[in-house]
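Structure first, commentary second.
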Number of protein chains: 2
Amino acid sequence: MSVADYKGNIKETPFGYTLSVIGGKWKLLIIYLLAENQTVRFNDLKRRIGAITYKTLSAQLKELETDGMVKRKEYPQVPPKVEYSLTEKAETLLPVLEELCEWGAKNQSKKIIL
Amino acid sequence: MSVADYKGNIKETPFGYTLSVIGGKWKLLIIYLLAENQTVRFNDLKRRIGAITYKTLSAQLKELETDGMVKRKEYPQVPPKVEYSLTEKAETLLPVLEELCEWGAKNQSKKIIL
DNA sequence: GTTTACACTATCCTTTCGGGTAGTACCTAT
DNA sequence: ATAGGTACTACCCGAAAGGATAGTGTAAAC
């Protein structure tokens, strides 16, 4: 299915799919933090981000998990311990994210010339 | 400003900026249609997309315009005629969009292995 | 002279996303 | 005995995005 063929069901196109995977408000930051630190625990992630709430962090992680971007490893102990890390799938996206970032850096401040 | 430094104001990071420019529900489709056809008129765009409403199309185009992604050329005649086309800035993004698209195509159907 | 087309705008409504606050069960440290 | 830490969930709420419907002014086509 080509991008120009869709009629509103954007998630079914390759591009729309990619967008849906990384489009959440905090998803990129989470991906970057996991890329930098390999494995991070829930409350640690919360502390590093700061402004996010538990509920939102939990939701974003769950979405990333069902999209196959993060792995969740739970240790059956008390108090609980859960470690989050990137999947291989997520790692293959990192170079593309870098490029998007570069494009943004180049164009963010550019004046619009008509 | 690095991506890992932001605290909720995502639009100020290069990546967040890029995302905000292409993140609208129909923006990608519009960009692709303009890339394929060079210049397209308003109602023509509406017909090609189909499911979009005038209001939404109008809003998305306006946002793309203020972000410097599309040019709007108005002909002072009756009935009105307006042509939309991509700016150079938008054209520099096309290769990156292709890559996002490829990643999506490769990963969309992949099963998640834990 | 009624319809059609153009490029929209206005108003209202629904859906979606994320935020705020509180609470859970259990254990460790003081 | 009390406070704090762990990894969450439940419930409610507000803002923002986008959809539905209708209307505008002019002119050409039928």
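This one's a predicted model, so the numbers in the text were calculated from it and none came from an experiment. Here is how names work: the chains are called A, B, and so on, in the same order as the sequence lines, proteins then strands, and each is numbered from 1.
Counting any heavy atom pair closer than 4.0 Å across all strands shown, A/Q60 reaches sugar-phosphate atoms only and no base atom. Nucleic acid contact class of B/Y84 (heavy atoms, under 4.0 Å, all strands): sugar-phosphate only. Using a 4.0 Å heavy-atom cutoff across all strands shown, A/K46 reaches no nucleic acid atom at all.
Remark: of the listed residues A/V40, A/V82, A/N37, A/V40 is the sole one forming a side chain to side chain contact (heavy atoms under 4.5 Å, CB included) with A/L45.
For B/K25 against D/dG18, no side-chain N or O and base N or O form a donor-acceptor pair under 3.5 Å.
Rounded to a whole Å, the CD atom of B/E83 is 9 Å from the P atom of C/dA7. One atom, CG of B/L45, and another, P of C/dA7, lie 10 Å apart when rounded to the nearest Å. Straight-line distance from the CD atom of A/Q77 to the P atom of D/dG5: 17 Å, rounded to whole Å. Atom CD of B/E74 and atom C1' of C/dA7 are 9 Å apart (whole Å). Spacing between atom OH of A/Y54 and atom P of C/dT21 amounts to 13 Å, rounded to whole angstrom units. Per the geometry, CG belonging to A/N43 stands 18 Å off P belonging to C/dT24, to the nearest Å. For A/D44 and D/dA7, the CG to C1' distance is 13 Å, given to the nearest whole Å. To the nearest angstrom, C1' of C/dC17 lies 16 Å from CG of A/L61.
For the pair B/T56 and D/dG19, the criterion of a side-chain N or O lying under 4.0 Å from OP1 or OP2 is met. The phosphate of C/dC6 (OP1 or OP2) has no side-chain N or O of B/R41 nearer than 4.0 angstrom. Not one side-chain nitrogen or oxygen of B/R47 sits closer than 4.0 Å to the OP1 or OP2 atom of C/dA7. The side chain of B/R72 places an N or O atom within less than 4.0 Å of a non-bridging phosphate oxygen (OP1 or OP2) of C/dC8.
Side-chain N or O atoms of A/T87 include one that pairs as donor or acceptor with a backbone N or O of A/M69 at under 3.5 Å. A donor-acceptor distance shorter than 3.5 angstrom exists from the side chain of A/K46 to the backbone of A/I52, with no hydrogens or angles considered. Side chain of A/K62 to backbone of A/L57: no donor-acceptor contact under 3.5 angstrom is found.
Ring orientation note: the planes of B/Y54 and B/F42 are close to parallel, at an angle under 30° on the 30°/60° scale.
Surrounding NZ of A/K81 are more than 12 heavy atoms belonging to other residues, nucleotides or ligands, all under 6.0 Å away.
Listed by chain and residue number, A/R72 satisfy the salt bridge (Lys or Arg N to Asp or Glu O under 4.0 Å) test with A/E74 (two or more places apart in sequence, or in another chain).
Among the nucleotides C/dA10, C/dG18, D/dA7, the one closest to any side-chain atom of A/K55 is C/dG18.
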### Nucleic acid footprint by protein, nucleotides 25-30 of chain D - heavy-atom cut-off 4.0 Å, B for base, S for sugar-phosphate alone
BSS---
